[in-house]
Engineer: 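Have a look at this one before I ask anything.
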Amino acid sequence: MEPGPQQAAEQLHTEIISWFTANSRDLPWRKPDCSPWGIFVSEIMLQQTPVVRVLPVWELWMQRWPTPAALAAESSGEAVRAWDRLGYPRRALRLHAAATAMTADFAGRVPETAAELLSLPGVGTYTAAAVASFAFGQRETVVDTNIRRVHARALTGKALPAPALTAAEMRLAVALLPRDDAASVAWNASVMELGALVCTARSPKCEVCPVRRHCAWVAAGKPAPDYVPKGQAWAGTDRQVRGAIMAVLRQARTPVQRHALIGPADLAAPPADPIPAPLAKLHALKVPAEQLARAVAGLLADKLAEEHDGGLQLPG
DNA sequence: AACACGTGGCC
DNA sequence: TGGCCAAGTGT
């Protein structure tokens, strides 16, 4: 007898959660004694950033800023500097702003509902649901890129999810969420982990997948993606220049003059003094003056840098 | 709705 | 070697 949709969903829940129990990574923000703040910080750091790169920075942050109030007590520039090379440094700014809001409006605690979390800077649909679920055990539908990929393959039979989250995907995710609170949290974590470790974007490990027996994509013969993901431009972009400038500002302890960012005017006679590696890297890009000015203006507008004594520095 | 936004490891 | 990709958000 063919199982109904309800039985099929329950079987998926059982198989994937069991797989998680035996195969999940031992991440510090998953330990029972990790604070909601620790989980919150991890979620912001993990946005578009691999776990292995987040791990050491998260440990330093937890040691230095164990509470929202501790972070809020320092300047946003310190947060940006301690963000180091995680990328998208605006996240550090928003995390600092979120800590400030928690201190001012939430008694120094991480808010518990998705709606309140959503009001914080840097927190969108995914992060609000993830924190409510993982930190507070609430039944929220978590949808990230891993979960979308698992759903696309196992349920919809496609190689990749659509470029942007669709209403249909959201409906599917909502329908799949176990009714029980604790089971819903386990499900969220388990599907995400399956997508991260097994049902990966490139060369998925279908041989060890707990649900390969009823994967719609496998059943369809693993059809290729029906669209070509557009690449992320990098070389020569403002992003690259901003990144190089931020690397300079992170290591600088005094304001950096704009002319220093341009590099030695006479390349045939480089300065005798050794210059810091980040500055040398920026000079090597040979950024047109106009683009450098635009990048600096962007950083100032985003509050990632500020003017001081005619030079540039992290906000302090 | 499409685009901008960092960084570095991998195949 | 270089394009692809990673627990997204804000505009």
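Each chain gets a letter, A, B and so on, in the order the sequences are listed, and its residues count up from 1.
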Engineer: Do other residues, nucleotides or ligands put more than 12 heavy atoms under 6.0 Å from A:Glu207 CD?
Structural biologist: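 For A:Glu207, atom CD is crowded (more than 12 foreign heavy atoms under 6.0 Å).
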
Engineer: What nucleotide among C:dT9, C:dA7, B:dC5 has an atom nearest to a side-chain atom of A:Arg239?
Structural biologist: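 Ranking C:dT9, C:dA7, B:dC5 by closest atom to the A:Arg239 side chain puts B:dC5 first.
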
Engineer: Report which part of the nucleic acid A:Trp83 touches: base, sugar-phosphate, or nothing (heavy-atom distance under 4.0 Å, all strands).
Structural biologist: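 Answer is nothing: A:Trp83 stays at 4.0 Å or more from every strand.
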
Engineer: What integer number of Å spans the P atoms of B:dA4 and C:dA7?
Structural biologist: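 Between the two P atoms, the distance is 23 Å.
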
Engineer: Starting from the 5' end of DNA chain C, give me the residue, A:Val51 or A:Pro121, whose nearest nucleotide shows up first.
Structural biologist: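 Whichever sits nearer the 5' end wins; that is A:Val51.
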
Engineer: To the nearest Å, how far apart are A:Met192 CE and C:dA6 C1'?
Structural biologist: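 Atom-to-atom, A:Met192 to C:dA6, this comes out as 13 Å.
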
Engineer: What is the distance, rounded to the nearest whole Å, between atom CG of A:Leu300 and atom P of B:dC5?
Structural biologist: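 Rounded to whole Å, this separation is 14 Å.
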
Engineer: Name the nucleic acid region contacted by A:Ser203, choosing base, sugar-phosphate or nothing; use a 4.0 angstrom heavy-atom cut-off, strictly under.
Structural biologist: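 If one applies the 4.0 Å heavy-atom cut-off, A:Ser203 turns out to touch nothing in the nucleic acid.
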
Engineer: When we call it a touch if two heavy atoms are under 4.0 Å apart, what does A:Gly124 touch: a base, just sugar-phosphate, or nothing?
Structural biologist: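 A:Gly124: backbone/sugar contact only, no base atoms under 4.0 Å.
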
Engineer: Using a 4.0 Å heavy-atom cut-off across all strands, classify A:Pro50 as base, sugar-phosphate, or nothing.
Structural biologist: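 Result for A:Pro50 = base.
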
Engineer: Between B:dG6 and C:dT1, how far is it from one P atom to the other, in whole Å?
Structural biologist: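 27 Å, rounded to whole Å.
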
Engineer: When you measure from the side chain of A:Trp83 to the backbone N and O of A:Arg91, does any donor-acceptor pair fall under 3.5 Å?
Structural biologist: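 No; judged by distance alone, with no hydrogens or angles, the pair does not exist.
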
Engineer: Kindly point out which of C:dT9, C:dA7, B:dG6 is positioned nearest to the side chain of A:Trp234?
Structural biologist: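 The nucleotide sitting nearest to the side chain is B:dG6.
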
Engineer: Counting heavy atoms from C-beta on, name the nucleotide in C:dA6, B:dC10, B:dG6 closest to the side chain of A:Ala201.
Structural biologist: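 So the nucleotide nearest the side chain must be C:dA6.
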
Engineer: Starting at CG of A:Leu285 and ending at P of B:dT7, how long is that distance when rounded to a whole Å?
Structural biologist: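 From A:Leu285 CG to B:dT7 P: 11 Å.
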
Engineer: Grab the OH-P distance between A:Tyr88 and C:dG10 for me, whole Å please.
Structural biologist: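 Atom-to-atom, A:Tyr88 to C:dG10, this comes out as 14 Å.
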
Engineer: Between C:dA7, B:dC3, B:dC10, which nucleotide gets closest to the side-chain atoms of A:Lys230?
Structural biologist: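 Nucleotide nearest to A:Lys230's side chain: B:dC3.
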
Engineer: Just call it for A:Gln240: base, sugar-phosphate, or nothing, with non-hydrogen atoms closer than 4.0 Å on any strand.
Structural biologist: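 If one applies the 4.0 Å heavy-atom cut-off, A:Gln240 turns out to touch nothing in the nucleic acid.
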
Engineer: Answer with yes or no whether A:Gln232 presents, from its side chain, a donor or acceptor under 3.5 Å of a partner atom in the base of B:dA4.
Structural biologist: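 When only heavy-atom distances are counted, A:Gln232 does not reach the base of B:dA4 through any donor-acceptor pair under 3.5 Å.
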
Engineer: Rounded to whole angstrom units, what separation is found between the CZ atom of A:Phe40 and the P atom of C:dG8?
Structural biologist: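 Distance check: A:Phe40 CZ to C:dG8 P gives 15 Å.
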
Engineer: What's the CZ-C1' distance between A:Arg94 and B:dC5, to the nearest Å?
Structural biologist: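 Distance check: A:Arg94 CZ to B:dC5 C1' gives 9 Å.
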
Engineer: Is A:Lys281 atom NZ crowded by more than 12 heavy atoms from other residues, nucleotides or ligands, each under 6.0 Å away?
Structural biologist: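 Not buried by this count: 12 neighbours or fewer within 6.0 Å.
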
Engineer: Hey, is the side chain of A:Arg250 poking within less than 4.0 Å of OP1 or OP2 on B:dT7, counting only N and O atoms?
Structural biologist: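 So the side chain of A:Arg250 is within the cut-off, an N or O lying under 4.0 Å from OP1 or OP2 of B:dT7.
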
Engineer: Between A:Gln251 and A:Val248, is there a donor-acceptor pair closer than 3.5 Å when you use the side chain of the first and the backbone of the second?
Structural biologist: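 Looks like yes, one N/O pair under 3.5 Å.
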
Engineer: Using a heavy-atom cut-off of 4.0 Å across all strands, would you classify A:Ile44 as base, sugar-phosphate, or nothing?
Structural biologist: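 If one applies the 4.0 Å heavy-atom cut-off, A:Ile44 turns out to touch nothing in the nucleic acid.
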
Engineer: Mind checking A:Val142 for me? I need base, sugar-phosphate or nothing, with any heavy atom below 4.0 Å counting as a touch.
Structural biologist: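 Since no nucleic acid heavy atom lies under 4.0 Å of A:Val142, the category is nothing.
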
Engineer: Any chance CZ of A:Arg213 has more than 12 other-residue heavy atoms, nucleotides or ligands included, within less than 6.0 Å?
Structural biologist: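 Incorrect, the count does not exceed 12.
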
Engineer: Take A:Leu304 and A:Arg202, find for each the nucleotide of DNA chain B with the closest heavy atom, and name the residue whose nucleotide sits nearer the 5' end.
Structural biologist: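 Looking at the nearest nucleotide for each, A:Leu304 comes out on the 5' side.
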
Engineer: Without decimals, in angstroms, what is the distance between A:Leu117 CG and C:dG8 P?
Structural biologist: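 A:Leu117 atom CG is separated from C:dG8 atom P by 17 Å.
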
Engineer: By the 4.0 Å heavy-atom rule, please label A:Thr237 as base, sugar-phosphate, or nothing.
Structural biologist: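 Touches nothing.
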
Engineer: I'd like to know if A:Asp180 pairs up with A:Arg139 as an ion pair, taking the criterion as any Lys NZ or Arg NE/NH1/NH2 lying under 4.0 Å from an Asp or Glu carboxylate oxygen.
Structural biologist: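 Not counted as a salt bridge, because no side-chain N and carboxylate O are separated by less than 4.0 Å.
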
Engineer: Parallel, tilted or perpendicular for A:Trp65 and A:Trp61, by the 30°/60° rule?
Structural biologist: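 Answer is perpendicular, since the angle exceeds 60°.
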
Engineer: Is the phosphate of C:dG8, meaning OP1 or OP2, less than 4.0 Å from a side-chain N or O of A:Gln48?
Structural biologist: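 For A:Gln48, the contact criterion (side-chain N or O under 4.0 Å from OP1 or OP2 of C:dG8) is met.
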
Engineer: Which one, C:dC5, B:dG6, B:dT7, comes nearest to the side chain of A:Pro229?
Structural biologist: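 Per side-chain heavy atoms of A:Pro229, the pick is C:dC5.
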
Engineer: Taking only side-chain N and O atoms of A:Arg91, does any of them lie within less than 4.0 angstrom of OP1 or OP2 on C:dG8?
Structural biologist: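 False: A:Arg91 side-chain N/O out of range (4.0 Å or more) of C:dG8 OP1/OP2.
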
Engineer: Picking from C:dT9, C:dA7, B:dC10, which would you name as closest to the side chain of A:Arg149?
Structural biologist: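 So the side chain of A:Arg149 is nearest to C:dA7.
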
Engineer: Any idea which of B:dG8, B:dC5, C:dT9 is nearest the A:Arg85 side chain?
Structural biologist: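 Selected nucleotide: B:dG8.
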
Engineer: Other residues, nucleotides and ligands only: do more than 12 of their heavy atoms fall within 6.0 Å of CZ on A:Arg30?
Structural biologist: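 It does: A:Arg30 CZ has more than 12 such atoms within range.
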
Engineer: Could you check whether A:Thr127 gets within reach of a base, just the sugar-phosphate, or nothing at all, counting any heavy atom under 4.0 Å?
Structural biologist: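 Counting heavy atoms under 4.0 Å across all strands, the contact made by A:Thr127 is with sugar-phosphate only.
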
Engineer: When you measure from the side-chain N and O atoms of A:Thr49 to the phosphate of B:dG6, is any distance below 4.0 Å, counting only OP1 and OP2?
Structural biologist: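 No, outside the criterion.
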
Engineer: Could you state the CG-P distance from A:Leu299 to B:dC5, rounded to the nearest angstrom?
Structural biologist: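 Going from CG in A:Leu299 over to P in B:dC5 covers 9 Å.
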
Engineer: Side chain of A:Gln47 only, heavy atoms from C-beta on: which candidate in B:dC3, C:dA6, C:dT9 is closest?
Structural biologist: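 Side chain of A:Gln47 sits closest to C:dT9.
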
Engineer: Under 4.0 Å: is that the gap between some side-chain N or O of A:Arg242 and OP1 or OP2 of B:dG6?
Structural biologist: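 For B:dG6, OP1/OP2 do have a side-chain N/O of A:Arg242 under 4.0 Å.
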
Engineer: Between B:dG8 and C:dT9, how far is it from one P atom to the other, in whole Å?
Structural biologist: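 Those two atoms are separated by 23 Å.
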
Engineer: Counting any heavy atom closer than 4.0 Å, what does A:Leu160 reach on the DNA or RNA strands: base, sugar-phosphate only, or nothing?
Structural biologist: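 Result for A:Leu160 = nothing.
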
